[in-house]
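Values below: all heavy atoms of this structure, side chains included; hydrogens, waters and symmetry mates excluded. Residue numbers begin at 1 in each chain, while the letters A, B, ... track the order of the sequences.
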There are 2 protein chains.
Amino acid sequence: MGDLAKSLGVQKGSLYAHISSKQDLLYETMREGADAFHAALDAIPDELPATEKIRLALRGHLRVVAEQLDVATVFVREWRYLEGDRRAEIVAERRRYEDRVRALFREGRELGELRTDLDDATAALLSLSAANWAYTWLQPGRDTDALADRFYGLLVDGMRGYATPG
Amino acid sequence: MGDLAKSLGVQKGSLYAHISSKQDLLYETMREGADAFHAALDAIPDELPATEKIRLALRGHLRVVAEQLDVATVFVREWRYLEGDRRAEIVAERRRYEDRVRALFREGRELGELRTDLDDATAALLSLSAANWAYTWLQPGRDTDALADRFYGLLVDGMRGYATPG
DNA sequence: AGATAACCCTAACGATCGTTCGTAATGAGC
DNA sequence: GCTCATTACGAACGATCGTTAGGGTTATCT
């Protein structure tokens with residue numbers, strides 16, 4: 001709170017004309033984060049091939065991190081300091097997000113775009129883990145979409161080099 | 001410090017017969033983490049193919065996380081609360097670890113085990129990101145090596161299914 | 001002009017936190 | 001048996017933290 005006030009050029013006490021408590025501010029930031037990540041998934045057209053959806057999901061996730069780095073950092077790292085119902089709510093939103101991503105991989109497998117023996121849970125875990133860590137290294141200035149596409153290429157076609165070209 | 005004392009069944013003040021400060025304790029834990037991760041890489045035989053080294057590096061990383069979950073969590077998440085030279089030291093260790101992993105991918109590319117156009121920086125970033133996030137979901141009871149191998153399979157052969165068979 | 005809401009200040013509160021201090025019990029080595 | 005290091009205790013310290021209270025200024029609306 002002291003740091004926050006300082007960076008706003010204001011006294012600590014003055015903050016409470018805008019927020020009701022530190023815990024409330026944390027919750028509001030978390031809600032913002034949850035909404036941003038879900039909105040990124042919502043923006044993906046339904047009729048696209050599953051692999052294309054996965055590519056756009058990666059782009060969307062990294063874009064949220066890049067454009068709202070502070071919110072994303074809080075969303076990813078500070079949820080354990082929420083208390084009570086609000087904590088449960090945010091944890092559920094995280095879980096729902098993970099489920100939506102996993103559904104993309106399942107769809108890709110079922111439609112034959114991805115290998116039929118794909119372990120979609122592990123695939124989603126791998127992809128989401130990499131994406132969740134992005135807040136630690138992502139530089140908002142760089143071309144985030146291109147980076148997401150490189151990740152997509154590695155994940156889908158692999159690193160070995162006998163995969164489909166292009 | 002209060003929680004730590006409580007979980008040790010001891011008064012807060014008694015802790016200072018064993019450590020000299022909270023900051024020192026943090027540093028010692030970080031050193032333990034850095035040593036564990038580097039030791040995991042040290043244990044990989046030099047003469048193996050690069051891809052096999054990558055597989056073992058993934059195994060080693062996840063095993064450190066699983067077997068020393070508390071130390072790994074601190075190492076991955078709390079380094080920013082170190083101060084001064086010690087912070088610089090640990091940051092350098094993290095950097096060195098990343099460089100060592102990246103060298104494995106470069107070796108794989110140069111020896112032709114991985115695609116010749118592989119972006120080894122991105123490959124290492126993707127792999128390390130996933131590995132670094134593991135402390136949030138890894139369950140020490142499960143078969144960590146098998147999980148690491150599944151990650152390895154996805155990363156190296158991809159999810160699309162036209163890659164080299166198993 | 002007067003009322004009202006929005007915003008900020010200063011000062012202080014109670015709680016928590018890391019740490020220190022004086023003291024005491026325990027056990028190993030000379 | 002005396003010494004001394006180790007470990008623990010309980011109480012207190014100074015600092016920091018989130019929050020509240022009282023008062024003041026400014027701009028908007030009636």
### Query
From A:Ser21 OG over to A:Leu15 CG, what is the distance, rounded to the nearest 0.5 angstrom?
12.0 Å

### Query
Under 4.0 Å between a side-chain N/O of B:His18 and OP1 or OP2 of D:dT6, yes or no?
no

### Query
To the nearest Å, how far apart are B:Lys22 NZ and D:dT16 P?
14 Å

## Note on the structure
Taking D:dA8, C:dT20, D:dT20 as options, the one with an atom nearest any side-chain atom of B:Tyr16 is C:dT20

### Query
Can you tell me how far CG of A:Asn132 sits from CZ of A:Arg94, rounded to the nearest 0.5 angstrom?
5.5 Å

### Residue mapping more 5' on DNA chain D - nearest nucleotide basis, B:Gly9 or B:Lys12
B:Gly9

### Query
Within the pair B:Ser14 and D:dC9, is there a side-chain N or O less than 4.0 Å away from OP1 or OP2?
yes

### Summary
note: A:Met1, atom CE; C:dC8, atom P; distance rounded to Å ~ 15 Å

### Query
Of A:Gly13 and B:Ala17, whose closest DNA chain D nucleotide lies nearer the 5' terminus?
B:Ala17

### Query
Ring centres of B:Tyr135 and B:His61 under 6.0 Å apart?
no

### Query
So B:Arg63 and B:Thr144, side chain to side chain donor-acceptor pair (under 3.5 Å) or not? Walk me through it.
CA-CA 6 Å; B:Arg63 199 175 323 177; B:Thr144 306; over 6 Å; no

## Note on the structure
From CG of A:Leu4 across to C1' of D:dT19 the rounded distance in Å is 14 Å

### Spacing of A:Leu26 atom CG relative to D:dG18 atom P, expressed in whole Å
12 Å

### Message
Can you tell me if B:Gln11 touches the phosphate of D:dG10, counting only side-chain N or O atoms and a distance under 4.0 Å to OP1 or OP2?
### Response
yes

